[in-house]
Amino acid sequence: MECSICVHTSKTKKIIDYNGKKICIDCLTMLKYPPNFEKMKEEVENILYNLKKENKKYHCILAFSGGKDSVLSLKLLVEKFKLNPLCVMVDNKYIANEAIENALNVTKHYNVDLIILNRDFTDLFEDVIKRGESPCRRCSRLILREVWRFAKLLNIKYIVTGHELPFGHSAIRDMKEGIKMIRLLTPYKFKEEEKYKMLKDLPWKKPNLGGYTTNCLVLGLALNRFFEKYGFSFEIDRIATLVRLGLLSKEKGKKLLEKPEVPEEVYEELKKRGLKI
């Protein structure tokens with residue numbers, strides 16, 4: 001059975017009858033408790049517009065990957081909110097060269113500072129790929145930990161990220177020791193085509209990496225291994241949420257959930273960087 005709202009099927013989520021329609025339990029939750037995006041926007045904008053009043057060198061830290069979402073977040077911070085963020089990239093050894101080049105070009109375009117922290121997540125990626133699991137949650141947690149440490153070191157109270165999905169019913173979450181994380185794109189509900197259109201005036205090029213990514217070399221391979229093991233994509237929950245919220249059509253969502261084609265040069269680059277595959 002397939003959910004009539006999103007892209008979940010009975011293989012990936014419990015499907016129930018609701019008012020004569022087949023829907024998954026996640027869509028049922030949304031129907032009962034719909035997120036208030038206008039309220040989220042008000043909360044986010046209240047913080048960011050007030051940050052402008054603070055006489056600081058850096059108003060916030062932007063967790064920056066060179067991918068489309070973090071670049072779009074930088075565009076909003078500078079052009080809409082008139083802020084000066086410090087962009088912090090955690091290069092886990094598997095950020096694509098194109099993404100680093102995009103990060104350098106865009107930060108130079110806006111004349112904002114970029115710091116790149118070099119780390120090595122090889123052990124993490126080898127472990128999850130060997131087991132056919134998703135690396136994303138563990139990788140994201142480690143990256144945010146590094147960014148949080150940097151914010152604490154510089155006494156910066158806000159970390160902005162390019163995430164597009166809310167923390168339940170909020171785009172803001174408390175981190176440790178008074179630091180808050182803001183998912184900047186969440187309240188604006190930009191569709192994918194809107195994002196690329198907004199980036200057209202920037203020195204940013206979309207790389208061909210395989211999978212739903214514009215910065216990560218590992219994602220396509222990890223998706224392939226997971227698909228071979230389970231028969232579906234570990235991106236299912238995120239893609240389903242995008243469809244549920246109207247940010248992605250059902251047809252495009254299904255397309256993104258197919259087993260990705262990973263260019264041969266990506267495999268070669270992964271081996272060159274030390275990943276045993």
Side-chain angles (χ1 to χ4, degrees), residues 3-9 12-16 18-19 21-51 60-63 65 67-70 72-73 76-77 80-81 133-148 151 157-192 194-195 212-213 232-250 252-253 256-257:
C3 178
S4 60
I5 297 175
C6 74
V7 290
H8 271 302
T9 68
T12 57
K13 194 71 63 172
K14 183 178 179 182
I15 307 289
I16 61 169
Y18 182 75
N19 292 340
K21 292 184 177 181
K22 302 288 185 185
I23 66 170
C24 71
I25 55 173
D26 287 353
C27 285
L28 176 63
T29 301
M30 185 196 70
L31 291 174
K32 288 186 174 181
Y33 310 102
N36 187 337
F37 286 93
E38 282 304 313
K39 183 181 177 183
M40 290 186 216
K41 185 190 293 186
E42 187 179 325
E43 291 171 344
V44 167
E45 292 188 346
N46 183 55
I47 290 173
L48 295 181
Y49 281 127
N50 281 321
L51 274 181
C60 60
I61 280 181
L62 173 61
S65 68
K68 70 179 186 306
D69 293 332
S70 63
L72 181 54
S73 297
L76 290 177
L77 288 173
K80 179 180 174 67
F81 296 104
E133 303 297 338
S134 167
C136 297
R137 184 169 292 183
R138 287 173 61 186
C139 178
S140 179
R141 188 162 57 238
L142 289 175
I143 286 173
L144 284 173
R145 184 187 299 171
E146 295 287 349
V147 176
W148 176 86
K157 296 301 182 185
Y158 292 96
I159 294 172
V160 175
T161 76
H163 292 93
E164 57 199 341
L165 299 179
F167 302 107
H169 288 263
S170 177
I172 303 167
R173 171 175 281 179
D174 290 328
M175 302 179 81
K176 293 187 296 183
E177 300 190 34
I179 296 173
K180 292 181 183 290
M181 179 162 59
I182 300 174
R183 289 187 163 181
L184 180 53
L185 300 188
T186 297
Y188 299 101
K189 298 183 70 176
F190 296 125
K191 294 184 178 180
E192 288 300 288
E194 290 179 280
K195 292 179 184 178
Y212 190 75
T213 180
F232 61 93
S233 171
F234 62 66
E235 292 271 72
I236 180 68
D237 279 328
R238 193 170 69 84
I239 299 297
T241 305
L242 291 173
V243 174
R244 187 177 304 121
L245 295 176
L247 304 180
L248 198 64
S249 70
K250 201 164 186 176
K252 287 184 179 178
L256 289 171
L257 291 173

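The chain is numbered in sequence order, starting from 1. Atoms considered below: every heavy atom in the structure, side chains included; atoms not considered: hydrogens, waters and symmetry mates. Quick caveat, the model's predicted, so the values are computed rather than measured.
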> Please report the shortest heavy-atom distance between G246 and K191, naming the atom on each side.
O-CE, 3.1 Å
> Please walk me through it: do W148 and M181 pass side chain to side chain contact (heavy atoms under 4.5 Å, CB included)?
CA-CA 9 Å; W148 176 86; M181 179 162 59; over 6 Å; no
> Under the 3.5 angstrom rule, does the side chain of N46 hit a backbone N or O of E42 as a donor-acceptor pair?
no
> Using side-chain heavy atoms (C-beta onward) and a distance below 4.5 Å, is K80 in contact with Y49?
yes
> Is any side-chain heavy atom of K157 closer than 4.5 Å to one of L51?
no
> Counting C-beta onward and ignoring hydrogens, is there a side-chain heavy-atom pair between L72 and L184 closer than 4.5 Å?
no
> List the atom of I179, the atom of A151, and the distance in Å for their closest heavy-atom pair.
CD1-CB, 4.0 Å
> Are the side chains of F190 and E164 in contact, using a 4.5 Å heavy-atom criterion?
no
> Do V44 and T186 have side chains that get closer than 4.5 Å, going by heavy atoms?
no
> Nearest heavy-atom pair of A240 and H8: which atoms, and what distance?
CB-CD2, 3.6 Å
> Does any N or O in the side chain of T12 come within less than 3.5 Å of the main-chain N or O of T9, such that one atom is a donor and the other an acceptor?
yes
> With side chains defined as the heavy atoms from C-beta onward, is the minimum distance between I5 and Y18 less than 4.5 Å?
no
> Which heavy atom of F234 sits nearest to which heavy atom of E133, and what is that distance?
CE2-O, 4.5 Å
> Could you state the interatomic distance from CG (L28) to CD1 (I16), rounded to the nearest 0.5 Å?
4.5 Å
> Okay, side chain of S170, backbone of F167: is any donor-acceptor separation there less than 3.5 Å?
no
> So does I25 get a backbone contact from the side chain of T29, meaning a donor-acceptor N/O pair under 3.5 Å?
yes
> Which value, rounded to the nearest 0.5 Å, describes the distance between M40 atom CE and H169 atom NE2?
7.0 Å
> State, with a plain yes or no, whether a side-chain heavy atom of R244 is found less than 4.5 Å away from one of D26.
yes
> For S4 and K22, indicate whether the former's side chain and the latter's backbone hold a donor-acceptor pair under 3.5 Å.
yes
> Write down the atom of G253, the atom of V7, and the distance for their closest heavy-atom approach.
C-CG1, 4.3 Å
> Within this structure, what is the SG-CG distance for the pair C60 and L77, rounded to the nearest 0.5 Å?
5.0 Å
> Mind listing the closest non-hydrogen atom pair of C6 and V243 along with its distance?
CA-CG1, 3.8 Å
> Quick one: does NZ or CZ of K68 land under 6.0 Å from the six-membered ring centre of Y212, within 45 degrees of the ring axis?
yes
> Between E194 and K189, does at least one N-O distance fall below 4.0 Å, as a salt bridge requires?
no
> OG1/T241 to CD/E235 distance, rounded to the nearest 0.5 angstrom?
11.0 Å
> Test side chain to side chain contact (heavy atoms under 4.5 Å, CB included) on L31 and I23; report intermediate values, then the result.
CA-CA 10 Å; L31 291 174; I23 66 170; 3.9 Å; yes
> Any side-chain heavy atom of L48 sitting closer than 4.5 Å to one from I182?
yes
> How long is the gap from NE2 on H163 to CG on L144, to the nearest 0.5 Å?
6.0 Å
> Once rounded to the nearest 0.5 Å, what's the spacing between atom CD1 of I15 and atom SG of C3?
5.0 Å
